[in-house]
Amino acid sequence: MIHLLQTGDLHLGKIFYGNSLFEDQKFVLKQLIDKVSEAKEKEPYNAIIISGDIYDRSIPPTEAIEIFDDFLIELHKIDANLKILIISGNHDSATRLSFGTKFLEKQNIHFCTNPENCTLPIIITGNNFEENDKDAICFYQIPFLNSGSLYSEEKNQRLINQQELISEAINRIKIQHETNSKTKNLPMALNAHLFTLGSISSESERTFLGNAEFINKEIFEDFIYVALGHLHKKQKVCENCFYSGSPLAYSFDESNLQKVFLDIKIDTQKKESSSKIKINEIEILPLHKVQKLTGKFEDFYRMTKDSEFYKYKNDYLEITCTDEILIENPVARLRENFPFILSIKQQAFFNQGKNKTSLEKKEVLLQNQNLDSSKLFIEFVKDVESTDNIEEWESTNSLFCKIAKSVLEEE
Ligand SMILES: [Mn+2]
């Protein structure tokens, strides 16, 4: 039996509405370390799989690097044989993340940040391997593939969209797997950072545009297990294919979602694919929950211990005030009662059309399903240029304005 623990989309160093999450991130990573340590005596983990977006930005703050460094050291201290598999996501700088990769491999820490290395096999042996040499799987890793990052011999060109890039990587993996005598008799598993068609996204991901950027899950059929990153809500794509989701809620639309690490047991001896994989969710306790609350300003401002809102005192909050008049400086005034309030929405803004913030305008826009793509583009340009006045566009050198103008003239 192979025992794995899966996580991803750590986004270390993320700033959430101006608030640093270092303490929150350390708090959840400590829970992962504790799990690995607890499991060591009974059913040790054979590998930790981290599916990309280690950092939130390509140049992460030094604290974020320290957190990740400490995390790897702690895991390695618990069990030097524990394999740790890590890929770069679309938020990471692949080159920066790859520092020291060749040395770390000797310590069982396997980074894959270069697309050309997707065919390098990592053999993970299970807890019964000594008695049964079939208790092993062969992992491959596909980091986030930027446009043009792989060349297709067959098409004689660099590949542009996600679907083509992932197909190319998987074809290369299959060919290498079949031709290598050390791997060809083992089941293949995969760690990848991508967006599967039909999955559920959330506001905290950097989105791709266009259908060509989604991957069909059929492409994963030959793998015994596929660990995926990119989407922040945990989800099952198919029997053998799971997103663990991010360990913390990174947007208010993820409030009330239980965040988890995935505990995966793979029995390579079972015939039925459905009984080969057993997934258990390890619930994560956040340092501060992420909550959305709605009510009158006074109810928040004059809150007492009996108030329905009292229990949210130490949560990260987005508060929507339903008052008909605009409240001045609401965040500062509510901070005494709610020290972790991060965002406020005032319904009065919505009632006075003109004063909508750009974010609110966008929301109204998205609610309006009737906009065709050229109208959406015009709205986008108005938003980016912060003006509705098309005359003013004349005076800018913005390429967006020029395109928007020609779109308008065509109509
Ligand atoms: Mn992510």
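If you're wondering where the values come from, they're calculated on a predicted model, not measured in any experiment. Both ligands and their constituent atoms are indexed starting at 1 by order of listing.
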ask   = Listing by chain and number, what protein N/O/S atoms are under 2.8 Å from the Mn ion (ligand 1)?
value = Asp9 OD1, His11 NE2, Asp53 OD2, His232 NE2

note = Residues passing the side chain to side chain contact (heavy atoms under 4.5 Å, CB included) test with Gln235, sequence neighbours excluded, are Ser199, Ile200, Leu231, Lys233, Tyr243

ask   = Is there a donor-acceptor pair closer than 3.5 Å between any side-chain N or O of His177 and the backbone N or O of Thr183?
value = yes

query = Are His232 and Ser202 linked by a side-chain donor-acceptor pair shorter than 3.5 Å?
reply = no

Modelled atom types, side-chain donor and acceptor of Asn127 and Asp135, under 3.5 Å =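 Asn127 vs Asp135: no donor-acceptor pair found between side chains.
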
request  = Sort and list the pairs that fulfil side chain to side chain donor-acceptor pair (under 3.5 Å) and have at least one residue in residues 19-32, not counting sequence neighbours.
outcome  =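 Qualifying pairs, neighbours excluded: Asn19-Tyr316, Glu23-Lys26, Asp24-Tyr316, Gln25-Tyr250, Lys30-Asp34.
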
Salt bridge (charged side-chain N to carboxylate O under 4.0 Å, His left out): pairs with one or both residues in residues 252-265, sequence neighbours excluded = Glu43-Lys265, Glu254-Lys259

